[in-house]
Participant: 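Got a structure here, written out as structure tokens. Questions coming.
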2 protein chains.
Amino acid sequence: MTVPAYRRLSVEQRRSQLIDAALDLFAHRLPEEVSLDGVAAAAGVSRPLVYRYFPGGKQQLYEAALRSAADELERCFAEPQTGPLTERLARALRRYLRFVDEHDTGFMALLQGGSVVETSRTNAIVDEVRRTAADHILVHLEAPEPGARLRLMVRTWITAVEGASLIWLDEGKQPPVEELHGWLLDHFVALLTVTAAGDPETAAAARRALVLERPDGPVAALTQRLLPVVADAAHLALPPESPESPES
Amino acid sequence: MTVPAYRRLSVEQRRSQLIDAALDLFAHRLPEEVSLDGVAAAAGVSRPLVYRYFPGGKQQLYEAALRSAADELERCFAEPQTGPLTERLARALRRYLRFVDEHDTGFMALLQGGSVVETSRTNAIVDEVRRTAADHILVHLEAPEPGARLRLMVRTWITAVEGASLIWLDEGKQPPVEELHGWLLDHFVALLTVTAAGDPETAAAARRALVLERPDGPVAALTQRLLPVVADAAHLALPPESPESPES
């Protein structure tokens, strides 16, 4: 393949082009399989030119690519504060899962740890993405400064989404992404509900969210699908004549 | 402090003693803060003796301590297959959280990644613990060879427990461990229930588990606490005259 003569690009454009080429390679290969020569070839430039922009070599290029991916991910989370909460969350989650699907190998290498390019800086970037995701959800729950239980709930669900995404990649992208998406949303509703059952702040947030839900929305659909499962628990319900039993 | 003369120990006893001393140090300090001198002092032996047993130095000692901790953790998960599922899970989870509490700094350093002693071997040990935990739960669910949805559910809950434990340590062990324990159990019940709502295999497993639950057990208590939350969702229920509506 003939490498075309360098196009005239500004410093910023060239830098972006190199980062895009690196991100594309790091997304689908293990970090140890990506070389500066490979990035240079993908960008149609010479290896010395890559070094001129990234004198720290592969590690610096990896961190720049990760920074760029983190910015892209954080943009996924942005949603206007209108409409039912589950529909806002469904849109953000769909964008997130598309990102996971498109950056599969790199996503796994990054999050499974032990990678050759992992440093305290790369871990800090990943943690920042998690914190940003949590902050977004808490804004939508109208609880920007939550107590311990609600914060734990939101952070744990984010961990679960990340873990489920890794498991999904590890299982050859099974079940289909639409099922994974619906199940993660159900998981959020379930976790919010059981946390609300023990924490007044979460209960208030759940109540605010529930009134916005539509009769044809995901919560209503989940409720319908839950009925036969819950019917099997009838032997656990208190008899109707003692509804005022103390909390346990 | 006078170091006592070496006690006469067999090779296996000495090795165990050194691993116990190392594990105790690695549990409460960052790996970079643990030195061979420190392990030697804690075990009351000389540094050359530590090297005789662990010629690979700190890394080898760390891996041996991690192996020992992993064995201890895997023993936490063992439970006879009798009684309600939530009570079996509650006991295993209590032992797990005690382990987390007792190995706090080491647990965080190990799982947050980027540690100086992290290698593909240490990651493999951690993955083995996760796999063992999942296998135990699937045996209790009487589904040792599960389909994609049930396997994803169990593996995701384990990820969530691990993530919540890290968050709990990060938040200065708040909320109190008993609350964390009850909430993680509620999380399991909720996740099993919503997964059952969309997957026949999980529904069958949930049904088998539910019939064993007691009216004074955790599922019944959760159900009672859920009533006021669910009452807020009344506007989402289909009218009673159309219970045969198609699934959505």
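Throughout, a chain's letter reflects where its sequence line sits, starting with A, and its residues are numbered from 1. All figures in this text were calculated on a predicted structure; none of them were measured in a lab.
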Participant: Quick check on B/Ala203 against chain A: is it the side chain, the backbone, both or neither that has a heavy atom closer than 4.5 Å?
Facilitator: neither
Participant: How long is the straight-line distance from CH2 of B/Trp183 back to OG1 of A/Thr202, given to the nearest 0.5 Å?
Facilitator: 9.5 Å
Participant: Which bit of B/Val189 comes within less than 4.5 Å of chain A, counting heavy atoms only: side chain, backbone, both or neither?
Facilitator: neither
Participant: Ignoring hydrogens, what is the shortest heavy-atom contact between B/Ala197 and A/Leu226? Give both atom names and the distance.
Facilitator: CB-CD2, 3.9 Å
Participant: Taking atom CD of A/Glu145 as the centre, does the number of heavy atoms from other residues, nucleotides or ligands within less than 6.0 Å exceed 12?
Facilitator: no
Participant: Write down the atom of B/Thr156, the atom of A/Ala160, and the distance for their closest heavy-atom approach.
Facilitator: CG2-O, 3.8 Å
Participant: Answer with side chain, backbone, both or neither: which region of B/Asp170 has an atom nearer than 4.5 Å to a non-hydrogen atom of chain A?
Facilitator: side chain
Participant: Just so I understand: if I count every heavy-atom pair under 4.5 Å between each of B/Thr195, B/Asp127, B/Leu166, B/Val219 and chain A, which residue has the most?
Facilitator: B/Thr195
Participant: Out of B/Ile158, B/Leu191, B/Leu227, B/Asp186, which one racks up the most heavy-atom pairs below 4.5 Å with chain A?
Facilitator: B/Leu191
Participant: Heavy atoms only, distances under 4.5 angstrom: which of A/Leu180, A/Thr193, A/Val126, A/Thr223 has the most pairs with chain B? Name it, please.
Facilitator: A/Thr193
Participant: Distance from A/His235 atom NE2 to B/Arg214 atom CZ, nearest 0.5 Å?
Facilitator: 11.0 Å
Participant: Sort out for me which of A/Thr159, A/Leu111, A/Leu210 touches chain B most, counting heavy-atom pairs under 4.5 Å.
Facilitator: A/Leu210
Participant: With a 6.0 Å cut-off (strictly less than), is the heavy-atom count around CZ of B/Arg67, excluding the residue itself, greater than 12?
Facilitator: yes
Participant: Quick check on the interface: out of B/Glu162, B/Glu179, B/Gln174, who has the most heavy-atom pairs with chain A under 4.5 Å?
Facilitator: B/Glu179
Participant: Can you check whether B/Glu118 reaches A/Glu118 side chain to side chain, under 4.5 Å on heavy atoms?
Facilitator: yes
Participant: Could you tell me the separation between the CD atom of B/Glu171 and the CZ atom of A/Arg155, rounded to the nearest 0.5 Å?
Facilitator: 5.0 Å
Participant: So what's closer than 4.5 Å to chain B heavy atoms on A/Val161: side chain, backbone, both or neither?
Facilitator: neither
Participant: What part of B/Thr122 lies closer than 4.5 angstrom to a heavy atom of chain A: side chain, backbone, both or neither?
Facilitator: neither
